[in-house]
2 protein chains.
Amino acid sequence: MSGAGRNGAGGGGSRATMQRVAAAAGVSPMTVSNTFRYPERVQEETRARVLAVAAELGYVPNLAAGHLASGSSRVVGAIIPSIRNSSFYRYVRGLQDAAAEQGHEVMISLADDAEQELAAVRTFMGWRAAGIVLVGSEHHAETAALLRAARMPTVETWVRRGAIDMCVGFSVEEATRQMVRHLVARGRRQIGFIGYSGGVARRFADRLAAFRDELGAAGLAAGLDYMAHEADGFAAGKQALEALLTRAPGLDGVICATDVIAGGVIFACQRRGIDVPGQLAVTGWGDYEIASEIVPSLTTVRPRTRDMGRTAIELLLSGREAGGPPPPPRDVGFELVCREST
Amino acid sequence: MSGAGRNGAGGGGSRATMQRVAAAAGVSPMTVSNTFRYPERVQEETRARVLAVAAELGYVPNLAAGHLASGSSRVVGAIIPSIRNSSFYRYVRGLQDAAAEQGHEVMISLADDAEQELAAVRTFMGWRAAGIVLVGSEHHAETAALLRAARMPTVETWVRRGAIDMCVGFSVEEATRQMVRHLVARGRRQIGFIGYSGGVARRFADRLAAFRDELGAAGLAAGLDYMAHEADGFAAGKQALEALLTRAPGLDGVICATDVIAGGVIFACQRRGIDVPGQLAVTGWGDYEIASEIVPSLTTVRPRTRDMGRTAIELLLSGREAGGPPPPPRDVGFELVCREST
DNA sequence: GCTGTGGTTTGTAGCGCTACAGTCACGGGG
DNA sequence: CCCCGTGACTGTAGCGCTACAAACCACAGC
């Protein structure tokens, strides 16, 4: 008598259970289960009957129960810092497509900072996700501890040195170096760098170091740099350009941390009457859609974002035996796309 | 003997269970459960001990089990068609913030078409989400049937007439009319409309009708319209502009379905040497960040995206008794933002 | 007629957690 | 001295599903 009516008024979930479907279809619960999970194990005719009854009753298998019973969920949790740009769009598509091919689902959670990321990790761990995909290698201290303690398969993306388990990315240093060489080859001598400050700052530290190093190798003075506030997008470009021009009126090239910043720089140049690339060469990062469309079109770095998503899933679901050493970092490469802005 | 080692090699989930934590802390499982769900029911001292043990064992409560036992999950499923633009970013933030305030989580799934949307709905229903938030009112036939059969609380957003349960949006007709009146007041006489074709086409039907109607009211000839392929963003603007100019060389105003299309139109104008707004006035839709930054800055419609997200959660978690009539559609309004492009 | 074969179907015993109804210790009032 | 209220904690019975082994069944071959 106790259990009766426990989940009564609840959220209005469907009243249909596997039991009920089984009874209505005149089969055992296991046959219903098999119909949904391993259709080939059930005879055509039986399956059709079960599906018909299920449809009529509006039955949708309870994944929580299934997961609890089977001990494995087919959900991959992806935590992304923002959905502001098309780079992440392609990345997520890569994740979803690859996961779908293996019969898994991707659930996304947005996290603006390490705190929110940790909360999302907790939730995904609570659901006993099959794996978790993070962006970057800067996390809350507890995040790594938690994931490791639970042996949760984890992939950090957009980086080549993971802090937790596995990772996939590309060489931002090499890309930055190529950018610098490209600008130098175009005759630029006073080159600036625009990144973001705030929580993501360290993601740009490697790029900044490579930038300085390569400038030195080219025999040029250490360039200028400006770190924009991370919440700003296009506006950051404007702000940064003003700051850099004040410090170096002869600035003739600027390397931006994202295409959006670069777009902001170009818009600011249009307002100030600065000719791009005549007076100032501008480069972006990410090859967002705007890069090819803006006037002048943007020289940028095109990471293989979609492949990164696919590779992350591949690593996650590769089923390495627990306790084994993590596979080595994967590098999906990038491409320098040269356009009108340089 | 059967159950033993069932979920053995599995995905590598944590071995820690509530039982084990309880044993290690010298309390009953219920005390552990209460420690996590209703801390105030457990004495300070006991709670601290339980939490310490849990942390040491890397225990994270199994939400699937909890959900199964309690019959209610604290997850809201949000399905969005794209994460390409910042409008959805603000919308999702609204969802997440409002949900967090009520102790719920938002899980996001990306769906490019009705098929994928249906799959995502199935998954969320499988997890017995507390509610589901969709974008628009165009769905797979089965989607509505499924949601209704299960009495799943559902909110359709960005529309004022829901097809399933509840909805929140703003008047796209009124916004479109105001756009037309604005252009007419600026002396424009040959005005075109650029929308998207494909699966989302019907989302623009209302706008197109309002556009035509308002042109008529102003005593102008029925305008031109062009439906771009939905996968294109900025590129669609270029393509559409070319098509419209071929059909009407005297075109002096164009209303675009999104800021991205409008951006594409402006870029195309820059390449063709068309002065905006001198020769051609351009309006966008959405007030994405680019709208205020592009040169010339863009006249656009600013929906209260964030409020829309918040309102959706409010509707979802308002706890109307099952079977009751759905609350009336909510209108969060919009704002016409006039800038340089007109 | 009987056994072997292989595909299909079924029973059983939990998965880890939570609701609910206790149990227990303590203490103040009658 | 007994009774009962109060607050902290515990025992039990499932939530709906799935793994596994066992049962079933039609039919071929001996």
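Below, chains carry the letters A, B, ... as their sequence lines are ordered, and counting in each starts from 1.
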So do Leu95(B) and Val76(B) actually touch side chain to side chain, heavy atoms under 4.5 Å? no
Is Glu117(A) close to His139(A) at the side-chain level, that is, under 4.5 Å between some pair of heavy atoms? yes
Report which part of the nucleic acid Pro61(A) touches: base, sugar-phosphate, or nothing (heavy-atom distance under 4.0 Å, all strands). sugar-phosphate
Using a 4.0 Å heavy-atom cut-off across all strands, classify Val27(B) as base, sugar-phosphate, or nothing. sugar-phosphate
Could you state the atom-to-atom distance from [atom1] of [X] to [atom2] of [N] in whole Å?
X         : N       : atom1 : atom2 : result
Gln19(B)  : dT18(C) : CD    : P     : 12 Å
Leu63(A)  : dC15(C) : CG    : C1'   : 15 Å
Trp127(A) : dC15(C) : CH2   : C1'   : 15 Å
Leu68(B)  : dG14(C) : CG    : P     : 17 Å
Arg74(B)  : dT18(C) : CZ    : P     : 12 Å
Asn62(B)  : dC15(D) : CG    : P     : 18 Å
Met30(A)  : dA23(D) : CE    : P     : 17 Å

In degrees, rounded to 10°, what is the bend between the two ends of the helix from dG1(C)-dC30(D) to dG30(C)-dC1(D), using five pairs at each? 60°
From the list dG16(D), dT10(D), dA19(C), which nucleotide is the closest neighbour of the side chain of Ser70(B)? dA19(C)
Is Asp165(A) salt-bridged to Arg151(A), going by a charged N under 4.0 Å from an acidic O? no
Using a cut-off of less than 4.0 Å, is there contact between a side-chain N or O of Ser33(B) and OP1 or OP2 of dC17(C)? no
Is the phosphate of dC9(D), meaning OP1 or OP2, less than 4.0 Å from a side-chain N or O of Thr31(B)? no
Is the ring pair Trp127(B)/Trp127(A) parallel, tilted or perpendicular, if the boundaries are 30 and 60 degrees? perpendicular
Please state whether the rings of Trp158(B) and Tyr91(B) are parallel, tilted or perpendicular, taking 30° and 60° as the class boundaries. perpendicular
Atom CD of Glu44(B): over 12 foreign heavy atoms under 6.0 Å: no
Can you tell me if CD on Gln102(B) sees more than 12 non-hydrogen neighbours from other groups inside 6.0 Å? yes
Does the gap between the ring centers of Tyr59(B) and Phe36(B) come in under 6.0 Å? yes
So, with a heavy-atom separation below 4.0 Å from DNA chain C, the residues of residues 34-55 of chain A are Val42(A), Gln43(A), Thr46(A)
Identify the heavy atoms of Ala16(A) and Leu57(A) that sit nearest to each other, and give their distance. CB-O, 3.7 Å
